[in-house]
Structures are given as C-alpha cells and as structure tokens.
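See structure below.
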Amino acid sequence: MTTTEKEAKGDMKNLVASIGTTLDRFISQRQQEFPYAKGELSQILRDISLAAKVVNKAIMGSGLIGIEGPAGERNVQGEDQQKLDIVANVRFIRALTRGEEVCAIISEEDEEMIDTGNHDAKYIVAMYPLDGSSNIDANIPIGTIFSIYRRKSPIGTPPTVEDVMQKGANQVAGGYILYGSSMILTYTTGFGVNSFTYDHTIGEFILSHANMKVKELGNIVSYNEGNYNDFSEGTKAYLTYCRNQKYTARYVGSLVADFHRNLLKGGIFFYPATSKAPNGKLRLLYECNSLAFVIEQAGGKATNGKGRILELEPHNIHQRSPLIIGSPTMVDDVMDFIKNEHFQ
Ligand code: AHG
C-alpha cells in the first residue's frame, strides 16, 4: 500500500456517513477521499446497483410472468422463458460491460472467464449473479455476490485467467445484494461495511446500516443439518457444544440471507468440509472471498478450517472451499474443536 493510500485509509476510518444518504452520494463522497482515484471503481459500484434494480424488478414480477422455473418453458403468454438466474447473469454482465470499467468477469453461470472487450479497463469482477437459486420458486430470499479486483496484466491488453486467479486479500471491493422483504446492497472497499436499503418509491438505495460491526459472540448457528452424518468428529462436537450453550439454529439455504442475518444479529454460518465433499460446497472466488472481506471489515472472521479465507490461493475459477464465517469468538470456538483434523 502506498503512503497516499495509507493516509487515505486513516482519514476514512474517521468518516461517519449519515443514515439516509443515497448510495450515489455516498459513493461520490467516498471517492473524494481518494485524491488518486479516477472514479472507475465508483462507476462499477453504480453499474452493480443499476443491474440489481433491474434484477429485483424481474424477481418481484417472476411469479406473474413465469420466469421462476426452468429455462426453455413457455410462460402464460406463450413466450419463451428465461430462467431468473440466467436473466440476472445477463443483466449484470451487460451493466458491467457497458460501464466500460471492467475488462473481465467470472460468473457462476459461465464456465470460462468473460472478456468484456474493455481492454483499457483495469478491474475484474467475480460474481454469483443469483445465489440460492434453488429457492427462487419458493419465494425465499436470494442474493447476488460480487468481488472486484485490479487486473495484473497490462492495461490495453486482453485480460488473462491470471487476472482473476487472485487471493481474496487483493479485493478492492466486495459485497452482496439481498433480494428479500427489502432489497439491500452491502459492500466494503476496505474502509468498513455499509448497507443500503432500496426505496422503490424513489428508485434509490439509501444508507440504512452505517459502519456495521458483527457481535463478538452471537447465538445463531447456521448449517445444513442434513449433512450432519458427514461432518467431522470435531464439527459434531462443536454442535453438541452449541446445543449445550442453547444457541438457536437458523438456516435459509441462501447464503446471502443467512450471512446478512448473522451479520446483523451475531452468529456463525458454516458449510464445512465433509466426508463426501472434502472441499466443501461453496465457491471461493464469488461466494467465500466476497463475504470474508465483508465480515472481516465488520470485525468478524472467515476460515476454511485451516486458515484465513482471504489468504487462499485459487487454482481454478470455480474452486470450492469450506466456509466457516461470522462472529469472531464463534469462529475461534469452531477452530478449537477442529484444529487437529485433516480434511484436504
Ligand atoms: P444454489 O445457488 O445452487 O441454490 O446454491 C446455494 C448455495 C448457498 O446459497 C447456500 O448457502 C448453499 O448453497 C446451500 O446448500 P445446501 O442446500 O446444500 O444446504
């Protein structure tokens, strides 16, 4: 980090944004804190928020226009349907490509890295356009998860896979959008975590949760009980400890929803290594890393059971990782129970 960046970081720690500020104004205010910034990152965040509004509209209307189900079916008007997760993928890729500040995208929906053609752009986006999509047709909250990185290859050249194979600690921004009873956009650029709730009457995201901090010790435990028999002995012992502590169990099955609730109320989410899935289920580059960046900025922790998520070196763009994330004391407790286990 350069001296200028360190100075900016010091200043930013003292910055307190007012509840009620629009996302657009917040982004502009924050950009003024970086004399060296040219506004590209701000533009990407605006592009993401625009795509989120379009996707939210599609989600809200999906029950009526029939795009919850599988692609290839016909809706009540006899029109070809596009699955909602495909709609979301197209909308985010389009917004990020037209914004011209992103040279490459990796998406859960696409096998290969996408070259946007913006070879003069210096940023990369990794995203899960619609996470928890198996919940869509049950009207359960779902989300978008994103990470933004600086490219490694020279500006003006086509992006390479090495540009996207970066550890999470290199993120310049990370966050998520939760499509729930309200739409909420939460992100960090490494200067704290802020959440913006969408006011549909004026079409704006409004700062609703400033400088968020997760509880040191919560009482919510989120995991899929159906995997219990495949958990390690240490994980099972931790769950017995949770029962003895009288923690409460909450599991939506949509990572963004489970994560956001635990961020607000304090708790732990885990999708650990199991005997059937030693690498876990969740994706490192566009699920684990983004949320690990957010939780650390909120005072929490994220680990794969061996070490910090943000330090993991990726070797595949769709790589999976175990994820244990949330209130710091709870993550430490899990680590104590599983520290001598070998799962990879
Ligand atoms: P998908 O988008 O395929 O529905 O995956 C959802 C992810 C994540 O959002 C959630 O935390 C996890 O998978 C749930 O997995 P289980 O159903 O195995 O518990």
Side-chain angles (χ1 to χ4, degrees), residues 52 55-56 58-59 62 67-71 82-92 106-111 126-147 174-180 183-184 186 220-232 235-236 239 249-265 267-292 294-295 300 302-305 309 317-326 331 334 343:
V55 170
N56 188 52
I59 293 170
S62 62
I67 56 173
E68 296 162 324
Q82 272 193 310
K83 228 174 136 185
L84 208 44
D85 41 12
I86 298 172
V87 172
N89 194 39
V90 169
R91 291 301 183 178
F92 277 97
I106 57 165
S107 165
E108 193 271 346
E109 295 287 340
D110 292 278
E111 200 59 43
M127 65 169 182
Y128 199 141
L130 217 47
D131 192 61
S133 47
S134 57
N135 280 327
I136 293 173
D137 45 7
N139 214 353
I140 290 170
I142 45 185
T144 297
I145 309 177
F146 61 90
S147 288
Y176 59 85
I177 297 125
L178 173 61
Y179 310 98
M183 173 166 59
I184 288 185
T186 302
I220 297 174
V221 185
S222 312
Y223 68 99
N224 187 337
E225 175 72 20
N227 295 331
Y228 183 87
N229 287 346
D230 301 324
F231 286 163
S232 70
T235 307
K236 289 177 182 170
L239 291 173
R250 293 284 183 274
Y251 190 70
V252 177
S254 275
L255 179 57
V256 173
D258 280 312
F259 177 85
H260 185 71
R261 181 203 54 240
N262 291 1
L263 174 60
L264 290 179
K265 300 188 173 201
I268 188 164
F269 171 96
F270 58 90
Y271 211 111
T274 65
S275 54
K276 285 200 180 136
N279 294 322
K281 173 187 180 183
L282 303 175
R283 311 301 180 124
L284 176 62
L285 289 181
Y286 42 77
E287 289 182 301
C288 304
N289 275 342
S290 327
L291 301 185
V294 171
I295 203 75
T303 171
N304 68 346
I309 288 285
I317 62 175
H318 297 293
Q319 183 173 329
R320 297 176 195 275
S321 171
L323 178 66
I324 301 163
I325 189 165
V331 174
V334 180
F343 59 87

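Order of listing sets the numbers, starting from 1, for every ligand and every atom in it. Just the heavy atoms: all of them, side chains too, but no hydrogens, waters or symmetry mates, feed the values below.
For Glu108, no heavy-atom contact with ligand 1 is shorter than 4.0 Å. When non-hydrogen atoms are compared, ligand 1 lies under 4.0 Å from the backbone of Ser254 (N, CA, C, O) but not from its side chain. Only the side chain of Phe269 comes within 4.0 Å of ligand 1, counting heavy atoms alone; its backbone N, CA, C and O stay farther away.
A side-chain N or O of Ser107 and one of Asn89 form a donor-acceptor pair less than 3.5 Å apart.
Looking only at distances, a side-chain donor or acceptor of Ser222 sits under 3.5 Å from a matching main-chain atom of Arg250. The closest donor-acceptor contact from the side chain of His318 to the backbone of Arg283 lies at 3.5 Å or more, if one exists at all. Side-chain N or O atoms of Asp131 include none that pairs as donor or acceptor with a backbone N or O of Ser254 at under 3.5 Å.
Atom 12 (C) of ligand 1 has its closest protein heavy atom at Lys281 NZ, 3.8 Å. Scanning all protein heavy atoms for the shortest distance to atom 3 (O) of ligand 1 gives Tyr128 OH, 3.5 Å. The single protein non-hydrogen atom nearest to atom 10 (C) of ligand 1 is Gly253 O, 3.3 Å, given as residue, atom name and distance. Of the protein's non-hydrogen atoms, the one nearest atom 18 (O) of ligand 1 is Tyr271 OH, 2.5 Å.
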Practice task
Evaluate side chain to side chain contact (heavy atoms under 4.5 Å, CB included) for Val87 paired with Val55, printing each intermediate quantity in order.
Solution key: CA-CA 7 Å; Val87 172; Val55 170; 5.6 Å; no
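Within the 4.0 Å heavy-atom cutoff, Asp131 counts among the residues contacting ligand 1.
Considering only non-hydrogen atoms, atom 16 (P) of ligand 1 lies nearest to Asn224 out of Ile142, Asp85, Asn224.
Of all atoms in ligand 1, listed by their number and element, those nearer than 4.0 Å to a heavy atom of Ser133 are 1 (P), 2 (O), 4 (O). Against a heavy-atom cut-off of under 4.0 Å, Tyr251 is close to the following atoms of ligand 1: 14 (C), 15 (O), 16 (P), 19 (O). Heavy-atom contacts of Leu255 reach the following atoms of ligand 1: 8 (C), 9 (O), 10 (C), 11 (O) (cutoff under 4.0 Å).
When each of Ile220, Val256, Leu178 is tested with Arg261 by the rule side-chain contact (heavy atoms from CB on, under 4.5 Å), just one qualifies, namely Ile220.
Below 30°, between 30° and 60°, or above 60°: for Tyr223 and Phe270 the angle between ring planes is below 30°, a parallel geometry.
Here the closest non-hydrogen pair linking Leu255 and Ile145 is CD2-CD1, 4.1 Å.
When only interatomic distances are considered, the shortest N/O to N/O separation between Ser134 and ligand 1 falls below 3.5 Å. Any N or O atom pair closer than 3.5 Å counts here, and Gly132 shares at least one such pair with ligand 1.
Under the 4.5 Å side-chain criterion, counting only non-hydrogen atoms from C-beta, Tyr179 is in contact with Thr144.
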